[in-house]
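Accompanying notes for the structure given below.
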Amino acid sequence: MLATQEKWLPVWDDLAPFRSGDPADVRPKKYVLDMFPYPSGDLHMGHAEAYALGDVVARYWVQRGYNVMHPIGWDAFGLPAENAAIRRGVDPAAWTYENIATQKASMRRYACSFDWDRVLNTCDPEFYRWNQWLFLRLFEKGLAYRKPSLVNWCPNDQTVLANEQVVAGLCERCDTPVTKKKLTQWYFRITDYADRLLDDMAQLEGQWPEKVLLMQRNWVGRSTGADVVFEIEDRDAPVTVYTTRPDTLYGATFFVVAADSDLAAELAVSAPETVGRAFNEYLEQVRQTSEVDRLASDRPKTGVFLERYAINPVNGERLPIYAADYVLADYGHGAIMAVPAHDQRDLDFARAFGLPVVTVVDTGEDDPAGSGIATTGDGAMVNSGPLDGLDKAAAISAIIEILHDKQHGEATVNYRLRDWLISRQRYWGTPIPIIHCLDCGEVPVPEDQLPITLPRSEGLDMKPKGTSPLGGATDWVNVPCPTCEGPAMRDTDTMDTFVDSSWYFLRFLDPNLETAPFDGEQAKEWMPVDQYVGGVTHAILHLLYSRFFTKVLFDLGYVDFTEPFTRLLNQGMVVMNGSAMSKSRGNLVRLSDELVENGVDAIRLSMVFAGPPEDDIDWSDVSPAGSRKFLSRAWRLSGDVTSPVGVDPQGGHAALRKATHHALHEGAHAVETFRFNSMVARVMELVNSTRKAIDSGPGPGDPAVREAAEAVAIMLSLVAPYTAEEMWERLGHPPTVARAGWPEVDESLLVADEVTCVVQVSGKVRARLQVSPSIDEDTLRELALADANVQRSLDGREVRTAIVRAPKLVNFVPA
RNA sequence: GCCCCGGUGGCGGAAUUGGCAGACGCGGCGGAUUCAAAAUCCGUUGCCGAAAGGCAUGAGGGUUCAAGUCCCUCCCGGGGCACCA
């Protein structure tokens with residue numbers, strides 16, 4: 001196995017069959033992209049699966065005559081490098097580049113069909129200078145801005161997190177419960193693109209897994225409703241609330257403001273002193289509640305009455321105002337009108353605080369005041385003045401019109417999506433290219449000063465302490481203001497590493513370009529990515545951000561498409577005995593061990609053959625030894641062929657020729673529909689047929705045997721490159737089989753000259769006939785009826801109906 | 001709680017539009033080869049039955065000449081969302 005690697009790797013390096021950058025190359029282009037890895041160590045089983053699957057696609061399109069760009073790089077910024085630095089005192093850069101070298105060598109041995117001329121590392125200044133450049137473009141457009149806000153804070157990593165990076169209240173990286181902190185941070189205005197992120201999904205329908213589209217739709221969370229303006233007693237300015245149920249306005253019995261909102265604080269200040277004290281106590285308690293606890297679904301409702309009142313604009317009723325934590329400060333306007341009869345959360349609160357419940361929609365269900373179950377369905381409006389008798393939809397439009405006329409509200413849209421918080425208080429990332437000047441404020445770093453490279457880690461205190469380690473690099477931080485030359489300071493935060501991956505696919509077009517992040521002409525030729533392959537863990541994070549960046553770049557005129565990834569394949573995970581592999585569980589399978597034991601080809605084949613690519617693979621169900629056995633069976637075919645290279649297959653053994661062309665045809669179709677396991681099954685069938693032909697059919701000298709063996713080598717080259725190359729050589733061809741080309745399928749060989757016709761009586765199979773595929777219905781019916789078994793089953797009964805689907809099926813229905 | 005997606009032999013999984021259920025493989029069993037083992041090769045392998053035949057795609061019902069596939073109800077598993085007004 002090792003000898004085979006030693007033999008072919010230099011040959012492949014030399015021939016570079018997957019080089020894609022030749023401007024004279026006339027082949028049509030295709031861009032196949034695997035999600036790039038984080039260099040945390042050597043490759044593991046998960047990488048082995050992902051890259052085996054991506055390789056099938058890339059190598060297939062090369063065989064089909066395309067100039068396939070299949071690049072690889074490293075998502076090289078991020079916390080593990082820094083944590084290693086803290087634990088072991090190594091330089092994050094040195095640690096990272098060492099791991100990259102290890103992974104790169106492993107990928108080469110794993111025979112990944114990457115174009116090695118296009119490698120990039122996001123931690124190279126040549127890459128991240130363009131992060132800074134893009135940041136400045138967004139800053140100019142007002143799409144990058146700083147604001148104070150209550151943000152997600154990971155106490156373990158000592159950094160802020162974007163909303164997308166908090167999973168069920170836990171830090172996505174380290175599973176530590178996330179807390180909230182009031183901080184001024186940098187954001188990208190992704191919410192400006194909420195509608196387009198939703199609407200452009202129409203382009204992806206059928207091309208992306210439905211599941212991913214659904215998750216993104218939920219994440220953006222568009223809802224339609226109305227803003228309603230409420231006057232507040234003893235306050236000049238009114239307060240606007242957002243509601244999806246303006247039709248229930250007459251059912252509002254109280255008013256709630258988010259406890260942690262500025263409005264709550266303000267209302268409490270001008271309330272009686274006892275209220276102020278109670279409020280402050282409550283707020284303190286809310287602040288100490290972790291995100292995990294806050295999200296617990298069965299938590300009782302809590303709050304404080306502020307002894308203030310809002311006025312219902314339609315009936316002038318006084319609604320008591322409460323501060324509570326079930327209303328979120330950063331959604332809508334941070335305040336709601338509460339309609340306990342028709343909203344479960346409001347009802348729970350009303351019952352806890354003894355507030356009235358007024359039903360305004362008669363849904364025919366039990367009265368919520370008694371049942372404790374809010375009714376949310378449709379029905380006739382009651383107790384609602386001019387709305388009485390209308391149904392939900394009519395009431396919504398009627399009330400919006402009324403509010404609009406009185407200037408008390410209007411129809412609006414709201415989103416669950418929040419702006420993307422991109423600053424991080426950590427070292428190993430892209431410095432934010434802003435200089436803070438006391439006089440000039442936030443000053444962008446002039447473009448000719450890019451990149452702002454990271455200061456050396458030596459001498460910096462890397463320990464997480466809530467502020468960026470970059471703050472300790474005084475020489476680096478203190479700079480003159482680019483505008484006024486006065487003393488100023490660099491921004492010391494670094495960018496979220498998801499910024500890197502939001503556009504890296506464009507950098508592959510020319511990773512060494514020094515004048516721009518990418519070349520527009522090349523983007524026209526190659527983009528968007530035709531096939532993206534990666535894990536479903538990025539369903540929201542990376543894929544949403546990349547879609548956002550692409551739209552921004554489109555608006556800025558840098559690209560002419562609005563979606564970056566035309567087609568998406570999510571591969572599953574490799575697990576062991578039903579659960580994710582981990583050292584602590586003791587079910588870790590080491591890729592390197594597997595490779596030593598069974599070889600690269602057998603591991604790749606096992607990954608591809610295990611099942612559909614999107615399903616998880618349980619390694620305990622997989623037989624790499626079986627894969628190895630099959631590969632040597634296939635390989636042996638190539639040694640048995642005795643006909644000369646280039647022999648005309650015409651006139652060769654007809655049945656085997658049909659088998660070959662059938663396999664090529666079905667195999668191609670299987671690859672194009674992501675049924676890679678079925679493609680392998682078709683190759684296995686062809687190997688079996690060829691073996692039979694050699695041993696007991698027309699013999700090894702038949703031209704059809706050579707044709708079959710060559711087809712096996714070519715199909716196998718998608719999965720098992722070493723075995724395929726060995727076969728190709730033994731069959732008398734020069735390397736490399738990767739560029740041999742997919743043999744043209746002879747359509748005439750796809751039609752069988754005899755098919756099996758199933759004859760049923762009352763839907764049960766009673767006979768099978770060998771018939772010509774062109775047999776006509778009448779002949780087939782007579783033939784079927786004449787069959788002895790059919791006659792026995794009919795048992796003298798008359799045939800009431802005969803369904804004839806020539807040439808494959810006849811069904812007699814007796815009277 | 002809401003929304004998706006699944007449930008097919010001992011196991012992983014096949015099955016264009018409703019038309020031979022179980023392709024291909026793993027494992028098992030039997031045999032050949034071998035002093036023996038490994039490797040390899042051949043055969044066999046859904047269940048019941050001696051056979052004819054019958055029964056089988058989570059359970060139950062329905063549509064149809066015909067259902068793994070379509071419709072309804074339920075059970076189980078996996079995933080996503082979860083105070084977003």
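Convention: sequence-line order gives letters A, B, ...; per-chain numbering from 1.
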ask   = Does A:K301 make a cation-pi contact with A:F349 (under 6.0 Å, within 45 degrees of the axis)?
value =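 Geometry flag: not set, cation outside 6.0 Å or 45°.
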Within the 4.0 Å heavy-atom criterion, would you say [X] contacts the bases, only the backbone, or no part of the nucleic acid?
X	value
A:K692	nothing
A:V256	nothing
A:D618	nothing

Check: [X] side chain, [Y] main-chain N or O, donor-acceptor pair, under 3.5 Å:
X	Y	answer
A:N312	A:L249	yes
A:D346	A:V339	yes
A:R633	A:M684	no

task = Would you check if there is a donor-acceptor pair between the side chains of A:T756 and A:Q770 at a distance under 3.5 Å?
result =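 Result is yes, a qualifying pair exists.
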ask   = Does one side chain, of A:R416 or A:N218, offer a donor that lies under 3.5 Å from an acceptor on the other?
value =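 Their side chains do not contain a donor-acceptor pair, so the 3.5 Å distance test is not met.
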inquiry  = I'd like the P distance from B:G13 over to B:U8, given in whole Å.
reply    = 9 Å
key: Distance-only donor-acceptor test, A:N811 side-chain atoms vs B:C65 base atoms, 3.5 Å   = yes
inquiry  = Can you list every stem that RNA chain B is part of, counting only runs of 3 or more consecutive Watson-Crick or G-U wobble pairs with both distances under 3.5 Å?
reply    = B:1-7 with B:75-81, B:10-12 with B:24-26, B:27-32 with B:40-45, B:46-48 with B:53-55, B:58-62 with B:70-74
